[in-house]
Amino acid sequence: MKKQGPYRVILTEKEIPDHYLNIQGFMKEKPDPYLNPGALKPVALEELFPVFAEELCRQEMNVTDTYIEIPEEVRDYYKMYRPSPLIRAYNLEKALGTPARIYYKYEGQNTSGSHKLNSAIAQVYYSKKQGVKQLSTETGAGQWGTALAMACAYYDMPLTVFMVKISAEQKPYRKAIMETYGAKVISSPSQTTQVGRAILADDPDCTGSLGTAISEAIELTAGKPDACYVLGSVLNQVLLHQSIIGQELKLQMEAYDEYPDLVVGCAGGGSSLGGLMSEYMKDKLTGKAKPYFIAVEPASCPSFTRGRYAYDFCDTGKVTPLAKMYTLGSGFMPSAIHAGGLRYHGMSPILSKLYHDGFIDEARGVNQTAVFEAAMQFAKHEAILPAPESSHAIRVAMDEALKCKKTGEAKTIVFALTGHGNFDMQAYMSYMDGSMTDYIPTDEELEAGFATLPKVPEL
Ligand SMILES: *Cc1c(COP(=O)(O)O)cnc(C)c1O
């Protein structure tokens, strides 16, 4: 019998990366530039300065540097909860009877319960350094809002969070945590902003979406010279910060003497998947290896699998620059599934380009009942109750492991367990009492979303 390796590889704080890995620096073909929605011309660096802290704008537009140094202060904060563990799912493998080896990188070991803190602390650090006096943001499921509230508390930075209304109702404790850390939390759409009032006038029962909350958060800080807006996913800078996940992962996989055949991650805005893949995507872009990448999304919000690769607004209120990405149209209102962190109409421009060019091999849409079936099985065998978002990746990792059982292939599968589901009991309850439903948008519904895409002539 083959000797069994360790259950977990944890690393030491010395092994926390000292640089972020910039995937864009390794891409021969770069993502298309952001466009100014009025002039339809590429956005200049300075045009972003009123929105984000300047250093973050530079990171956003940096397509040349392969590595960017992590400030010592930010690294020190990481030391309180990182490196995150890599765990071999021996028990799940046994339960499935698969010859596949399944590993997961667990990002839920901090109060925010997800990977979002990795970027939150960096964004607040750069904002503080520049003298910014207040921040605004949106949150879907609440993980990002919590992470940012933690980072803002650490740096004494006032914060307003627009929380997607349906999530605020489903997760009152999330709101309470953010408030505990001193953030002001407003359900979106709200009466606080013009965009919110317009959306409510149109549809008083609107349950909100990330796109809507983004518009409100931007409006709140727009035009205030010492206020900034921050975003928890989608942006290039967020993928950059999340690259610490992938850099740690590579070291941990080496400790197991393993290289993945298959890398699986859920994709909301794409930041955790971008981070998870970083080192292995670098290998693929530089021709060193060819791991197979799968992005998993909800069948109810299928940006990759049924969306268009087009220029679109990043928000519902159409106030952001245009980004070239896989999108369902900024007017698409996703159904109220429980994986709030995956209810977004678009996708990271970097991941979109990588998918378009075939470097991300596959995207898969899965139904939430199948996702929770996988989540329940995982929880039973692996001692962590997974977040609904993360469970999308679990579903596909399990499906692939079951395929291996049929073919006898012993593939090495890695996925990101992006967070825990301790605040998602409403969702688990609805799965257990049988009231959870699946929703797949019709082609007509998708067409209505595509009709909201801006008309942009070929550049
Ligand atoms: C926000 C979130 C996601 C999705 O966001 P990405 O930017 O695509 O990573 C996934 N899992 C959890 C637990 C989250 O909080």
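In this text, all values refer to a predicted model and were calculated from it rather than measured experimentally. Because only heavy atoms are used, hydrogens play no part in the values below, and waters and symmetry mates are left out as well, while side chains stay in. Note that ligands are numbered from 1 as they come in the structure, with each ligand's atoms numbered from 1 the same way.
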Under 3.5 Å, is there a donor on one side chain and an acceptor on the other for [X] and [Y]?
X: Y126; Y: Q237; result: no
X: S188; Y: E216; result: yes
X: N110; Y: S112; result: yes

Side chain, backbone, both or neither: which applies to V238 and ligand 1 if a contact is any heavy-atom pair less than 4.0 Å apart? neither

Looking only at heavy atoms, is any part of E107 under 4.0 Å from ligand 1, and if so is it the side chain, the backbone, or both, or is it neither? neither

Numbered atoms and elements of ligand 1 in range of [X], under 4.0 angstrom, heavy atoms:
X: A267; value: 8 (O)
X: L342; value: 4 (C)
X: G419; value: 13 (C)
X: Q143; value: 13 (C), 15 (O)
X: S271; value: 6 (P), 7 (O), 8 (O), 9 (O)

Selected option - heavy-atom contact closest to atom 10 (C) of ligand 1, from H392, E389, R343: E389

The one among S233, G142, S114 that brings a heavy atom closest to atom 7 (O) of ligand 1: S233

Do NZ/NE/NH1/NH2 and the carboxylate oxygens of K353 and D32 come within less than 4.0 Å? no

Pair E248 + K250, salt bridge at N-O below 4.0 Å: no

Closer than 4.0 angstrom: is that true for some heavy atom of C266 and an atom of ligand 1? yes

Please confirm whether Q242 approaches ligand 1 to less than 4.0 Å, judged on its heavy atoms. no

N/O of [X] under 3.5 Å from N/O of ligand 1, yes or no?
X: S390; answer: no
X: G113; answer: no
X: G268; answer: yes

[X] ring center near [Y] ring center (under 6.0 Å):
X: Y259; Y: Y280; value: yes
X: F332; Y: H345; value: no
X: F359; Y: F293; value: no
X: Y67; Y: Y20; value: no

When you measure from [atom] to every protein heavy atom, which one gives the shortest distance, and what is it?
atom: atom 9 (O) of ligand 1; answer: S272 OG, 2.5 Å
atom: atom 13 (C) of ligand 1; answer: T418 OG1, 3.3 Å
atom: atom 4 (C) of ligand 1; answer: G341 O, 3.6 Å
atom: atom 2 (C) of ligand 1; answer: K116 NZ, 2.4 Å

Side chain to side chain contact (heavy atoms under 4.5 Å, CB included) with Y229: which of L135, T320, I214, L220? I214

Among Y355, Y311, Y344, which residue satisfies the ring-ring contact (aromatic ring centres under 6.0 Å, His included) criterion with Y326? Y355

